[in-house]
Each structure stands twice: as structure tokens, then as C-alpha cells.
Protein chains: 2
Amino acid sequence: MSDAPTRPRGRPARNDRPVGETREAILAAALDVFSRRGFEGASLRDIAAAAGLEHSLVRYHFTDKAGLWRAAMTHLIALMDAHMLEGWRTARTLPAVDRFAMMVTTYVRYCARHPEHARIMVHETMGDSDRVTWIAEHIIAPQHRNLSRMLETLMDQGHIPRSPVRPLIYILSAAAQAPFTLAGEVRAAYGVDTASEAEITAHTQALLGLVLR
Amino acid sequence: MSDAPTRPRGRPARNDRPVGETREAILAAALDVFSRRGFEGASLRDIAAAAGLEHSLVRYHFTDKAGLWRAAMTHLIALMDAHMLEGWRTARTLPAVDRFAMMVTTYVRYCARHPEHARIMVHETMGDSDRVTWIAEHIIAPQHRNLSRMLETLMDQGHIPRSPVRPLIYILSAAAQAPFTLAGEVRAAYGVDTASEAEITAHTQALLGLVLR
DNA sequence: TCCATTTTAGTCCGAATGGGCAATAATGCT
DNA sequence: AGCATTATTGCCCATTCGGACTAAAATGGA
């Protein structure tokens, strides 16, 4: 096995990627592949290939598959915070109902732009892996704290029927995510692209029309 | 329903499982594993082990991994039809609003008892595999046909705000499924078992209270 | 009784997986 | 200029995967 035209071992092709971008590219690819295949189903080689790299490079940057998963989740939280903050800036001065409507609108748009998010939640929320605990603590808890405060206010003001908060939170979040999480189903069943601007506003209208009346 | 003496043919399993049960056991295991790992992530060996068998036996009964998947889906549809039919029998004579409430109640209970269903939808509804097409045709289309008829009636009678039907369908289905699809998340974040009787009725109440008012 | 059929287990294979590791090119510090 | 660090590739490993194939055990029909 000696003779082959042994190509140089080291670091040959440094194509055009600016150095700092590699990590980011891997994280984006990881979110995509993890959301489509789940943790066990996702392969480091697929993720690397999606970013145009060799799989060992993923391990160099993130050590482990588990390490990559945690880094990708942290990245996802940052994306969500950045998106939601923008809506919050214009919403914070509004009266409670309009603030709620604004935040729902913002969240629906986030779901449309990052369907990976809800998909990963469904994937990882089973069994009793450490990943469920991590998600519950770092993503669910803060999110629900905000939402339940808003919902209590809306119930006090009589805009939505009084009801235990936790069921309501899950109803609203799932309703907001649905058409984007299931985008492939909608495409296959109706031939419609739910990520389009028209579909996003139609969905937002339907949801707000149902909840606030 | 096998009575004692007539053992069906074939080599007995090491664990002397009644022969007719093998297929059913594999299908149940397949639904469970497929829902937790997705199609690619699920291994025939895991499914076989969950049913207490060797992986070759799965291939004997269902030929292919794809064949097993289709058989499991057909089985799932039968389970759903059986469950929903029971609700429909008592609901069909009721006035539209109560019929709707009864069907929602029945569906929520189905989601609680078969969380695999919604999880599989999320898993398989991505990419453009043939499985998406199969699901859209065999599960989504008939389901939505029924639901949209009911919703149109409710809108005509002014019980829910007029709105395009498709967004509404996704809002309602996702809302009904959410706490059970995400059961692990709820357990990790709140320490609550959403499959319990109390949680099922609480969720049903919250959903109906939000939609019908 | 003997043989075809049915149902099970066991074995082997090529491909893919997560991980370990050495080689090497680029960069930056002194 | 020299050297440590960083970023990258290629290759190796044991394990597991889907699948193909074979062996065996039990039954029923001839």
C-alpha cells in the first residue's frame, strides 16, 4: 500500500474562506442537519460536507458531536434573541394587547425563518437525554417566563379567556410554529410555500384573529 | 385471539412468543423507534431488539426498511381511525358546535395516547422524500377534508372568526398535539406528565375555551 | 412417512459512523 | 529568521448499519 500517488497530508487547499467564517459555517450546517436528522441521525461527515469541509475539522473545532450540538444550540439562542429583541424594541412602549400582537407577529416570522428551531425541539425533547434538560433550562424556561407574564396581563384585562397558563403557552407556541415546522407537509399536500411573505402574514392574521377578539 | 392448542406453524421463537403476535410486536416497536429516531436514525436492529427479536426477522416479515415504514404507517392510520370513529359515533347526532367540541376532545386524547403520530409527522415532513408524499396523500388529505368541512360550518354559524381554512387547520392540529409531542420537554421543564388524565382534560379545556367563546 | 412451507436464528459483507492521530500549511510573536 | 500556535487534510480504527444468504425448527398436506 506504499506506492500510491500519496497526496500531501497536511493543509493543502485553503480555498477562499476567510478564516473566521469556518466556525460559523459549521454551526449553520449543524443546525440544518441536526434539525433534519436528529442528533443520532446526523453525521459529522454530512455536517462537514454541508459546510464544504472534512469531518475531522468539525472535531478540531468542537471536540465532540455533543460539543458541536451544544455550540449549535448556543448559536441558535443567539439568533433567536437577536430576532426577538428587534420586535421587543418597538413593542415595549405599546399597550398590552398591541404589544402581544407585535410579539406574536415577530415570533411567527422567526419561526418561518428558522424552522430548524421547532424541529430540533421535537427531535430532542424525547427520551431523557441530557439534551432535554439542557433545552428546558436554557431555552424553555426563560421563554415561558416572558410569555406567561404577558398572558397573565391579557387575562386580567379580559382579552383572552382565563385559563391555566402552561396549556395556553403550549397552544400558542405550537400554533405559531406549525406551518413552518411542517413546511414539507404543506408543500406536498397543498403545493404552497409557507415561508413566503403572503403565507406568513396570512398565518399571523389567522392566529391573532383566533386569540384576540 | 388464539386459544390453546392450535399453534401456528413455524419455528418457535426462543422466547416462545405466540406466533401471530410477532408482526404486531414489530409494528408497535417500529412506530416507537421511528418516532424517536426518524427514518434514517432508526435501525432495524433496534426495532427488532425492542420487540425481542433478531433483525433478520424484521426483514423476513417486511422485506425492506421502507416496507416496514409503510406497514407501520398503515398500522398507525388504522389505530387513528379506530380511535376517532368512537368519538364520531357519539358526536354525529349533536349540533355542529358540540360535535366539534367532541371531536377535538377525542383528538386530544388520541394525541396523548399516540404521541408517536405527531412526532413522525415532524420527522418525515422534511426534505422531499417519497415518504412526505405518501403521508400527504394517505393521512393529511382525508384528515383535512373532514376538518375543513367542520370549520366552514362553524364559521358560517359565527362560532369562530372567519378566516382562511388552511392556516386554521394547522393552528388547531398543532395546538391539540403540542403538550404530548413535547412531553419530554414539559417533564424536564415543569416536572409534569402530560399523559395523565388531569393534564389531558386541562389541555382540552384550555383549547376549547380559546377557540369557542 | 416425507416433503413443502412457514417462521425463526445466525453469519457474512460492503458502506458509513464517531473518534484518534499524524502531517503540514499558514499565521503571528519574539 | 526562528518558533509556537492555529487550522486544515488524510488515514486508521472498532463498531454498527442495511441487506443477502443460509441453517434450523416446527407444522400441515401428500
Side-chain angles (χ1 to χ4, degrees), chain A residues 1-27 29-30 33-34 36-72 129 131, chain B residues 2-27 29-30 33-34 36-72 129-131:
Chain A
M1 47 174 59
S2 51
D3 49 275
T6 40
R7 296 185 51 200
R9 256 193 142 187
R11 177 185 178 176
R14 147 91 226 279
N15 287 345
D16 52 7
R17 188 191 305 277
V19 186
E21 267 181 26
T22 301
R23 255 186 89 98
E24 195 98 3
I26 295 177
L27 288 177
V33 177
F34 277 137
R36 290 209 321 269
R37 301 272 232 255
F39 182 80
E40 285 95 354
S43 92
L44 294 184
R45 283 170 170 86
D46 278 354
I47 294 172
L53 308 161
E54 296 302 316
H55 89 282
S56 333
L57 190 52
V58 177
R59 301 205 58 248
Y60 169 74
H61 280 290
F62 302 99
T63 316
D64 245 354
K65 198 181 182 183
L68 172 61
W69 187 86
R70 278 190 300 272
S129 71
R131 302 193 297 281
Chain B
S2 57
D3 1 38
T6 42
R7 273 208 78 188
R9 315 169 73 185
R11 173 181 174 163
R14 264 199 305 217
N15 55 8
D16 66 25
R17 180 197 310 275
V19 179
E21 273 180 21
T22 301
R23 252 186 92 98
E24 196 96 4
I26 295 176
L27 289 176
V33 177
F34 276 137
R36 293 208 319 269
R37 303 270 235 252
F39 182 80
E40 284 95 354
S43 91
L44 294 186
R45 284 169 169 87
D46 278 355
I47 293 172
L53 308 162
E54 296 301 316
H55 88 283
S56 352
L57 192 51
V58 177
R59 298 205 61 246
Y60 168 74
H61 280 289
F62 302 98
T63 316
D64 246 352
K65 197 182 182 181
L68 172 62
W69 187 86
R70 277 189 301 271
S129 72
D130 335 350
R131 301 193 298 280

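Here is how names work: the chains are called A, B, and so on, in the same order as the sequence lines, proteins then strands, and each is numbered from 1.
- Between B/Asp46 atom CG and D/dT16 atom P there is a gap of 10 Å when expressed in whole angstrom units.
- In this model, the phosphate group of C/dT7 is approached by a side-chain N or O of B/Tyr60 to a distance below 4.0 Å at OP1 or OP2.
- As rounded to whole Å, 13 Å separates atom P of C/dA16 from atom CZ of A/Arg37.
- The minimum heavy-atom distance linking A/Val33 with A/Ala42 is given by the pair CG1-CB, 3.6 Å.
- In this structure, B/Arg59 reaches the D/dA20 phosphate: one of its side-chain N or O atoms is under 4.0 Å from OP1 or OP2.
- Nearest-nucleotide positions on DNA chain C place A/Ser43 closer to the 5' end than the other of A/Ser43 and A/Ser56.
- Between B/Leu44 and B/Leu68, the closest heavy-atom pair is CD2-CD2, 4.0 Å.
- Residues B/Ala48 and B/Val58 share a closest heavy-atom pair of CB-CG2, 3.7 Å.
- Atom C1' of nucleotide D/dT8 and atom CZ of A/Arg23 are separated by 15 Å, given to the nearest angstrom.
- The residue A/Ala42 sits close only to the backbone: its heavy atoms come under 4.0 Å of sugar-phosphate atoms, none of a base.
- Here C/dT6 presents its C1' atom at 18 Å from CD of B/Glu21, a figure rounded to the nearest Å.
- Remark: P of C/dG19 and NZ of A/Lys65 are 7 Å apart, rounded to the nearest angstrom.
- Side-chain proximity of B/Leu53 to D/dC17, C/dG19, C/dA9: nearest is C/dA9.
- Rounded to a whole Å, the CZ atom of A/Phe34 is 13 Å from the P atom of C/dT17.
- Minimum heavy-atom separation, A/Ala29 to A/Ala50: CB-CB, 3.9 Å.
- Within 4.0 Å (heavy atoms only), B/His55 reaches at least one base atom of the nucleic acid.
- Note: B/Phe39 and B/Trp69 have perpendicular aromatic rings, judged against thresholds of 30 and 60 degrees for the angle between ring planes.
- If you find the closest nucleotide of DNA chain D to A/Glu54 and to A/Arg45, the one lying nearer the 5' end belongs to A/Glu54.
- At whole-Å resolution of the value, NE2 in B/His61 and C1' in C/dT8 are 8 Å apart.
- Atom CD1 in A/Ile47 sits roughly 11 Å away from atom P in C/dG19 (whole-Å rounding).
- Among the atoms of the strands shown, base atoms are found under 4.0 Å from some heavy atom of A/Leu57.
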